[in-house]
*Asks:* 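Attaching a single structure in structure tokens format; questions to follow.
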Amino acid sequence: MKVVPRILVVDDEEGFRMLLKCGLEDEGFKVTEASDGEEAIRLSREHTYDLALLDLRMPGINGIEVLKVIREVSPSTDCVMITGYQDVQLAVEAIKLGAKDFLPKPQNLDELINRIKNVLRAHTAEAHITEIQADFTSKLLHDLLAPLHSLRSAIDFLEQGTAGQITDQQKNIFQSINSTIKYMDALLSDMIDLSLFESGRVDINKIPTNFDELIPAVCARFIPQTNSKKIVMGVKVNNNVPTIAVDPEKIEQVMINLLDNAIKYTPEGGSIQINVSSTTQDVGGSAHEFAEVTITDTGVGISRGELPLVFDKYKEVLTGKSSEKKTTGLGLAICKSIVEAHGGKMYAESTLGKGSTFKFLLPTESL
Ligand code: ADP
């Protein structure tokens with residue numbers, strides 16, 4: 001089936017917008033219009049476009065601000081700036097911010113449409129290559145996981161003594177093999193999760209979810225671990241948090257990872273505080289409401305050098321520090337992908353030796 005490219009045309013000049021829309025529709029593209037920056041930001045949060053054509057100069061939120069938001073909320077959308085001849089300086093700034101190209105508003109519409117078709121051709125080719133790479137990675141990871149599972153079954157079989165009595169020494173060896181298999185299984189599963197997010201193939205099944213219940217319920221599951229380390233855990237839910245549309249299983253996964261880390265990196269006798277509230281943030285010049293969850297611990301903290309990389313999947317290579325605790329080092333990268341797939345944001349603050357705060361924000365409007 002041929003996929004029709006979707007284009008978002010953002011321009012405050014109605015005549016030009018209509019002309020461009022008609023010209024692109026005649027070429028067989030699916031076109032959506034936005035007459036100002038605010039509408040463009042709303043549409044790009046709700047839908048994914050292959051290409052956004054952004055007028056640089058618009059009253060209110062200008063093309064550069066719209067570009068910044070689209071780069072953040074929909075990285076797979078290519079942005080092309082439509083400029084006047086006097087705007088070269090601004091257009092160069094747009095390229096630095098991730099725009100694919102800038103095209104001057106022409107006297108001749110055909111010329112503009114031809115250049116847009118070239119950008120779309122390159123976009124389609126790039127998307128195709130990314131898809132092939134994602135297919136290959138996914139197949140490779142699953143191919144590695146399958147023999148690992150067979151290996152585990154074989155070890156279980158031997159461990160149970162079905163193939164003959166085993167000695168205590170052999171039992172210890174089997175345990176060590178099992179723990180390595182478990183680590184490799186976790187690593188491959190995390191890599192599969194991440195590659196699914198990166199290729200945009202994860203299904204986010206949003207349903208109206210009550211944060212007043214979800215967050216405390218996940219925290220309650222960690223009471224045995226906090227008790228055994230004599231860590232005091234507090235959970236505070238402000239009553240201003242609305243019901244929001246999220247995938248509860250995925251948000252649970254984020255919470256589990258953050259709580260697991262908080263407990264792991266907080267010494268005995270420390271404390272962990274979880275707060276859930278509602279907050280307003282400026283996005284592209286207008287106020288938006290978010291549910292905010294913070295997890296603050298009094299643990300070992302993270303150094304200033306490592307902090308900017310905590311959400312990066314390459315952090316262990318970049319910092320040259322591999323995890324001593326046989327963890328995958330991909331947990332926070334997955335958390336960030338989940339939060340961003342919900343249109344949210346994730347942050348970390350930390351002081352070495354004093355503790356860390358991990359925070360995520362989820363938009364409440366999409367309900
Ligand atoms: P891992 O599987 O290693 O826990 P994560 O991505 O979850 O991977 O965490 C990455 C790294 O960030 C950890 O190895 C640790 O160095 C640091 N980190 C994460 N959470 C905390 C925390 N609450 N306190 C201190 N360090 C943390």
Side-chain angles (χ1 to χ4, degrees), residues 141 145 148 179-198 202 215 218-219 221-236 249-276 292-342 344-361:
L141 292 171
L145 206 52
L148 207 59
S179 110
T180 305
I181 290 178
K182 208 169 148 199
Y183 169 64
M184 287 175 70
D185 192 345
L187 187 59
L188 289 172
S189 302
D190 277 0
M191 286 170 77
I192 289 172
D193 269 8
L194 256 188
S195 80
L196 286 175
F197 276 110
E198 283 169 354
V202 167
I215 305 294
V218 183
C219 295
R221 294 197 339 231
F222 283 84
I223 291 173
Q225 285 99 307
T226 50
N227 282 350
S228 79
K229 277 187 90 175
K230 297 188 178 60
I231 291 172
V232 178
M233 178 166 66
V235 184
K236 185 169 173 233
E249 277 182 27
K250 298 267 182 312
I251 299 303
E252 223 177 281
Q253 191 181 341
V254 173
M255 280 304 293
I256 288 172
N257 207 301
L258 295 178
L259 288 168
D260 208 37
N261 280 348
I263 296 170
K264 192 161 42 177
Y265 298 108
T266 299
E268 273 209 9
S271 67
I272 298 172
Q273 179 62 41
I274 298 97
N275 281 352
V276 186
E292 177 181 289
V293 182
T294 60
I295 293 111
T296 301
D297 64 56
T298 58
V300 295
I302 302 165
S303 72
R304 282 157 68 121
E306 284 170 30
L307 190 61
L309 298 172
V310 278
F311 297 113
D312 197 309
K313 68 172 175 172
Y314 300 118
K315 58 181 163 287
E316 293 194 352
V317 179
L318 294 169
T319 57
K321 178 190 149 194
S322 65
S323 173
E324 317 88 48
K325 299 197 182 215
K326 269 213 170 177
T327 52
T328 67
L330 296 175
L332 289 174
I334 294 172
C335 289
K336 187 165 179 269
S337 299
I338 293 176
V339 169
E340 287 177 353
H342 281 82
K345 284 186 158 227
M346 190 148 195
Y347 308 89
E349 288 166 13
S350 188
T351 308
L352 199 60
K354 291 213 163 135
S356 312
T357 295
F358 284 84
K359 171 162 91 177
F360 63 90
L361 299 178

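Start at 1 and go down the list; that is how both ligands and their atoms are numbered. All values below come from the heavy atoms of this structure, side chains included, with hydrogens, waters and symmetry mates left out.
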*Asks:* With heavy atoms of Asn257 as the reference, note each atom of ligand 1 found under 4.0 Å away.
*Replies:* 7 (O)
*Asks:* Can you sort out which atoms of ligand 1 are near Ile302, meaning under 4.0 Å from one of its heavy atoms?
*Replies:* 18 (N), 25 (C), 26 (N), 27 (C)
*Asks:* Could you pull out all residues at least two apart from Lys359 that satisfy salt bridge (Lys or Arg N to Asp or Glu O under 4.0 Å)?
*Replies:* none
*Asks:* Check salt bridge (Lys or Arg N to Asp or Glu O under 4.0 Å) between Glu292 and all other residues, then give those that pass, not counting sequence neighbours.
*Replies:* none
*Asks:* Under 4.0 Å, counting heavy atoms only: does Glu306 come that close to any atom of ligand 1?
*Replies:* no
*Asks:* Does ligand 1 have an atom under 4.0 Å from some heavy atom of Phe358?
*Replies:* yes
*Asks:* Give a yes or no on whether Met255 atom CE has more than 12 heavy-atom contacts from other residues, nucleotides or ligands under 6.0 Å away.
*Replies:* yes
*Asks:* Can you sort out which atoms of ligand 1 are near Gly329, meaning under 4.0 Å from one of its heavy atoms?
*Replies:*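 The atoms of ligand 1 under 4.0 Å from a heavy atom of Gly329 are 1 (P), 2 (O), 3 (O), 6 (O), 8 (O).
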*Asks:* Between the candidates Ile272, Asp297, Leu259, which shows the shortest non-hydrogen contact distance to atom 23 (N) of ligand 1?
*Replies:*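 Checking each option, the heavy atom nearest atom 23 (N) of ligand 1 is found in Asp297.
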*Asks:* Applying side-chain contact (heavy atoms from CB on, under 4.5 Å), run through Thr296 and Ile272 and close with a yes or a no.
*Replies:* CA-CA 6 Å; Thr296 301; Ile272 298 172; over 6 Å; no
*Asks:* Should the heavy atoms of other residues, nucleotides or ligands under 6.0 Å from NZ of Lys336 be counted, would the total exceed 12?
*Replies:*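 Result for NZ/Lys336: open.
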*Asks:* So, 4.0 Å and heavy atoms of Gly299: is ligand 1 close enough to count as a contact?
*Replies:*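 Gly299: no contact with ligand 1 (<4.0 Å).
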*Asks:* Please check whether Val310 reaches ligand 1 - meaning an N/O of the residue sits under 3.5 Å from an N/O of the ligand, judged on distance alone.
*Replies:* no
*Asks:* Any sub-3.5 Å donor-acceptor pair from Lys229's side-chain atoms to Gly269's backbone N or O?
*Replies:*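 Pair absent, no side-chain N/O of Lys229 close to backbone of Gly269.
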*Asks:* So if I count the atoms of ligand 1 from 1 in the order they appear, which ones are less than 4.0 Å from some heavy atom of Gly301?
*Replies:* 25 (C)
*Asks:* For ligand 1, which atoms have a heavy atom of Leu332 less than 4.0 angstrom away?
*Replies:* 5 (P), 6 (O), 7 (O), 9 (O), 10 (C), 12 (O), 19 (C)
*Asks:* Could you tell me whether the side chains of Asn275 and Gln273 share a donor-acceptor contact shorter than 3.5 Å?
*Replies:* yes
